[in-house]
**Student:** 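This is the structure I want to talk about, given as C-alpha cells.
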Amino acid sequence: MKVIIRRPRREVQMPGSRRVRDLLQELQINPETVLVVRGEDLLTPDEVVKDEETVEVVPAISGGSTDEV
Amino acid sequence: MKCRICTEKAVIETRRHNTAFCKECFLTHVERQVQKTIESEKMLSKEDRVLVAVSGGKDSLTLWEVLHRLGYQTTGFHIVLGIGDYSPAAREKVEAYAEKQGFPLIVTDLNEEYDFTVPELALNTPRVPCSACGLSKRYLMNRTALGGGFSVLATGHNLDDVASTLFGNLFHWHTEQLARMEPSRQATHPKLVKTCKPLIRLTERETLAYTLLRGIDYHEEECPNAEGATSLLYKDLLNQLEHASPGVKQSFYFGFLKKGRSAFAADVNGADLRECEVCGQATTTEVCAFCRMMDQAHRTASRRNS
C-alpha cells in the first residue's frame with residue numbers, strides 16, 4: 001500500500017494489508033494526533049487497508065492559537 | 001466499528017468518550033458539544049453580534065460553520081499578517097469559504113494599515129515573530145469588534161490549545177495567567193469586548209474530522225514561525241499521555257477550571273484600565289503595548305533607512 005504522510009509530505013510504501021492502528025504503530029505515529037483518510041473516507045483504527053490502496057495521514061496538530069485572547 | 005448511537009458504519013473513534021460515531025452522528029455530536037459549552041459558560045446569546053476570528057485553519061472555520069449552523073449572528077474577521085507565502089494562502093481560503101457560504105467577512109491587512117508585516121515587526125522590535133503576531137491579533141480583534149458594534153469576539157481555541165497553555169503556565173508558575181484562563185472573559189472596560197472560546201470541548205483531531213466531513217477547504221499549511229514552538233512540544237507530550245490514558249487532556253483542563261483556577265485569583269493584577277493616549281484602546285499604561293511596539297518599529301526602521 002501507499003501511505004502519504006502530509007506535513008512534511010512524504011510517501012511510504014508498505015507491503016501487504018494491515019489495519020489502520022497497526023499501520024500507525026509501524027510508522028510510530030500517535031493516533032491522537034492524526035486522521036487516516038482513504039479518498040474522502042475517514043478510517044477507524046480497525047479498518048483494513050489493502051495492499052493496492054492509498055491512504056493519507058492528515059495531521060491534526062498545529063502550533064499556533066495558544067495565545068490567550 | 002459501528003456508530004454507538006445508530007449502529008451505522010463508524011468514521012471516527014473517540015476513545016476519551018469510549019465511543020465511535022458515523023458521519024451524521026459525529027457532526028451532531030460536535031455541534032451539541034459547542035452548544036453545551038456556550039450555554040454552560042454563558043458565552044453567547046442569539047441576540048449577540050459575534051465577530052469570529054478566522055485564520056483559515058480547521059479550527060476557526062469549524063467555529064464559524066458551527067456557530068452559523070447553531071443560529072448565531074456571525075461575521076468573520078481575518079488579519080493579513082504578511083508572513084511569506086503563508087498569509088496570502090490563508091487569506092485565499094478564508095475569502096473562498098466566506099464567498100461560498102455567503103457569510104460576511106472583514107479583512108484587515110497589517111502592512112496596509114500600519115506599514116509593517118509580522119516579520120518586519122520582529123526585525124524592528126525586540127519581539128519574536130509569535131509575540132508580535134499575538135499582540136497584533138489581540139489588538140486588532142478587539143479594535144475591530146468595538147468599532148463594528150460586535151458584542152462578543154469568538155476564537156477557535158480547542159481543547160489541545162487550552163490544555164497546552166495550561167501545561168506551560170503551570171510549568172512556569174505564571175500564576176496571573178492561570179487565574180485568567182477562563183473560557184469566556186467579560187469586558188471589564190468600555191473599550192474591551194467580551195471574548196469566548198466555544199471549541200474547548202473538542203480536540204484538534206475532532207475539529208479536523210468535522211472540517212473534513214463537512215467538506216470545508218481549510219488552510220492546512222503550518223505557520224513557518226510555529227516550527228519548534230514550545231506549544232507543539234507541550235501538545236505532543238499531552239497527546240502521549242492521552243494515548244496512554246484517554247480523557248486526560250479533558251480532565252486536566254476542566255479539572256483546573258473547576259478546582260484549580262480560583263486558587264490563583266489573588267494573583268490577578270488589579271491595575272486600573274484606562275484609555276491609551278495614542279489610540280484610545282484599553283491599557284494599564286499611558287500608551288498601550290501595541291502602540292509602543294509600532295512606535296519602536298517606526299523609529300528602528302527610520303534609523304535603518306537613514
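So you know, we letter chains A, B, ... as the sequences are listed, proteins then strands, and number each from 1. These figures come from a predicted structure and were not determined experimentally.
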**Student:** Could you tell me whether B:K197 and B:E41 make a salt bridge, using a distance below 4.0 angstrom between a side-chain N and a carboxylate O?
**Tutor:**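 Looking at B:E41 together with B:K197, the answer is no, because their closest N to O distance does not fall below 4.0 Å.
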**Student:** Taking B:A179's backbone N and O only, do any of them form a donor-acceptor pair with B:R261's side chain (distance below 3.5 Å, no angle check)?
**Tutor:**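 Flag set: sc B:R261 to bb B:A179 pair under 3.5 Å.
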**Student:** Going by atom types only, do B:N239 and A:N30 share a side-chain donor-acceptor pair under 3.5 Å?
**Tutor:**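 No - no donor-acceptor pair under 3.5 Å links their side chains.
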**Student:** Relative to chain A, which segment of B:R15 carries a heavy atom at a distance below 4.5 Å: side chain, backbone, both, or neither?
**Tutor:**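 Interface part for B:R15: side chain.
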**Student:** What part of B:I12 gets closer than 4.5 Å to chain A, counting heavy atoms only: side chain, backbone, both or neither?
**Tutor:**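 Its backbone and side chain both get close to chain A.
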**Student:** Do the side chain of B:S55 and the main chain of B:G57 share a donor and acceptor less than 3.5 angstrom apart?
**Tutor:**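 Side chain of B:S55 to backbone of B:G57, a donor-acceptor pair under 3.5 Å: yes, one is there.
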**Student:** Please classify the contact of A:E47 with chain B as side chain, backbone, both or neither, using a heavy-atom distance under 4.5 Å.
**Tutor:**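 Just its side chain gets close to chain B.
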**Student:** Could you check whether B:F171 and B:F167 have their ring centres less than 6.0 Å apart?
**Tutor:**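 Centroid separation for B:F167 and B:F171: below 6.0 Å.
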**Student:** So B:L170 and B:F252, do their side chains get closer than 4.5 Å, heavy atoms only?
**Tutor:**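 Answer yes - side chains close enough.
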**Student:** Tell me, do B:F21 and B:I5 make a side-chain contact under 4.5 Å, heavy atoms counted?
**Tutor:**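 They are in side-chain contact.
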**Student:** Side chain from CB out, backbone as N, CA, C, O: work out which of these in B:Y218 comes under 4.5 Å of a heavy atom of chain A, or both, or neither.
**Tutor:**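 Side chain of B:Y218 only, per the 4.5 Å heavy-atom cut-off to chain A.
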**Student:** Using non-hydrogen atoms only, which part of A:L43 is less than 4.5 Å away from chain B: side chain, backbone, both, or neither?
**Tutor:**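 Just its backbone gets close to chain B.
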**Student:** Answer with side chain, backbone, both or neither: which region of B:K9 has an atom nearer than 4.5 Å to a non-hydrogen atom of chain A?
**Tutor:**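 For B:K9, side-chain heavy atoms alone lie under 4.5 Å from chain A.
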**Student:** So what's closer than 4.5 Å to chain A heavy atoms on B:E227: side chain, backbone, both or neither?
**Tutor:**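 For B:E227, no heavy atom lies under 4.5 Å from chain A.
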**Student:** Could you look at A:V37 and say if it's the side chain, the backbone, both or neither that has a heavy atom under 4.5 Å from chain B?
**Tutor:**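 Only the side chain of A:V37 comes within 4.5 Å of chain B.
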**Student:** Could you check which of B:L213, B:T230, B:L208 has the highest count of heavy-atom pairs closer than 4.5 Å to chain A?
**Tutor:**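 Of B:L213, B:T230, B:L208, B:L208 has the most heavy-atom pairs under 4.5 Å with chain A.
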